[in-house]
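See structure below.
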There are 2 protein chains.
Amino acid sequence: MAMDKTDSALLRLLQQDANQTAESLGQHLRLSPSQAGRRRQRLEAAGLISGYAARVDAEAVGLGVQAMIQVHMAAHAPDAAQSFAALVAATPEITSAWVMTGDADYLLRIFCTDLAALNRLVQEVLLPHSSVARVQSQIVMAQLKPDGPLPL
Amino acid sequence: MAMDKTDSALLRLLQQDANQTAESLGQHLRLSPSQAGRRRQRLEAAGLISGYAARVDAEAVGLGVQAMIQVHMAAHAPDAAQSFAALVAATPEITSAWVMTGDADYLLRIFCTDLAALNRLVQEVLLPHSSVARVQSQIVMAQLKPDGPLPL
DNA sequence: GGTGAAATCTACCTAGG
DNA sequence: CCTAGGTAGATTTCACC
């Protein structure tokens, strides 16, 4: 899809604050409100913008513990991967999961209310899975840079 | 802050789609549009909702390579940490950074256009920093579970 | 790039527990 | 007294010019 410098700037603005009016966007982009709105529609229709989400403060809603868990699989059979994917999909505390190169097979991002809940998740959900060989939890002590916009 | 079951459900809905009207929210919550809107305002004012962001499709905007980089520091002096924080803040390809327990000191989330750009970032930005001892890049082969809503 | 109709938000007001 | 629902003015979006 064709995307010029103005579109990049627009995406950057909308990642920071999606509730700006077309008029406000137009001022930043040096564009008329109608053109700014039209460009936004174009980016939505093209799928570059897949949706809009509220940013929720994890601490404020009682999710005080954040962790990254590296998962090593015992077997790499296709059905082992599939059943693990189902487990991941069914566990709400896992907010993201990636298939990685290198050392570990998967990396899971976790949000829990407390350390006890994190330990329960590891001991009673992850480790009991038949194809999980080993997990390595790393707790987030602080967020040095908050989840930010994509570099455009 | 006081948060009941309805507020949790509202946060869940707004994380999935922030552009729903108060009427649509009210239907899901079995509430009148005015009450749904009022609750949303309350959650914003209380800081539970810190803002709204457009979800941008990384692949679609040409950011085809995603990676997680574990950073091991040579020194743990306060000013080493501070200058590293400045480096992280100034690097747009680093979209998130966490201070971790365990093995590595920091975990960085990276978005790049290609592998060459990722290698440049490691070789020319991260490793030259005086207090960085070692980095370990792990490339994301696939996203098993997309960045999802917090478990409420 | 501008304009007007339609939809939506929000502040205020009223009713009920 | 606090929480829920309804109504009207003001803003914003979107299709058309």
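Chain letters run A, B, ... following the sequence lines, proteins first and then strands; every chain starts at 1.
- A 4.5 Å side-chain heavy-atom check between A:Pro151 and B:Thr95 finds at least one atom pair inside the cut-off.
- The B:Ala22 side chain lies nearest to C:dC9 when the options are C:dC9, D:dT13, D:dG5.
- One atom, CG of A:Leu25, and another, P of D:dT11, lie 18 Å apart when rounded to the nearest Å.
- Using a 4.0 Å cut-off between charged nitrogen and carboxylate oxygen, B:Asp17 and B:Arg12 do not count as a salt-bridge pair.
- Here the C1' atom of nucleotide C:dT10 and the CD atom of B:Glu44 are 12 Å apart, to the nearest Å.
- Across all strands shown, A:Ser34 has heavy atoms under 4.0 Å from base atoms, whether or not it also approaches the sugar-phosphate.
- Heavy atoms of A:Ser32 sit under 4.0 angstrom from primed sugar atoms or phosphate atoms, though from no base atom.
- Taking atom CG of residue B:Leu43 and atom P of nucleotide C:dT10, one finds them 13 Å apart after rounding to whole Å.
- Within 4.0 Å (heavy atoms only), B:Arg42 reaches no atom of the nucleic acid at all.
- Within the 4.5 Å cutoff, the side chain of B:His72 has no heavy atoms near those of the B:Val132 side chain.
- The pair A:Arg39-A:Asp4 meets the salt-bridge criterion, since a charged nitrogen lies less than 4.0 angstrom from a carboxylate oxygen.
- Taking the ring centroids of A:Tyr52 and B:Tyr52, they lie at or beyond the 6.0 Å cut-off.
- Residue-level contact check: B:Arg40 touches the backbone only, with heavy atoms under 4.0 Å from sugar-phosphate atoms and none from bases.
- Counting non-hydrogen atoms under 4.0 angstrom, B:Gln41 reaches the backbone sugars and phosphates but no base.
- Atom OH in A:Tyr52 sits about 12 Å away from atom C1' in D:dT13, given to the nearest Å.
- Rounded to whole angstrom, the span from the CG atom of A:Asn19 across to the C1' atom of C:dC9 amounts to 11 Å.
- Distances were taken from every side-chain heavy atom of A:Arg38 (C-beta onward) to each of D:dT12, D:dC16, D:dG5; the shortest belongs to D:dC16.
- When the C1' atom of D:dT3 is taken as reference, atom CG of B:Asp4 falls 11 Å away, rounded to whole Å.
- If you take CD of B:Gln35 and C1' of C:dC9, they are 15 Å apart, rounded to a whole angstrom.
- In this structure, the CG atom of B:Asp7 is 14 Å from the C1' atom of D:dA4, given to the nearest Å.
- For the pair B:Arg39 and D:dA4, the criterion of a side-chain N or O lying under 4.0 Å from OP1 or OP2 is met.
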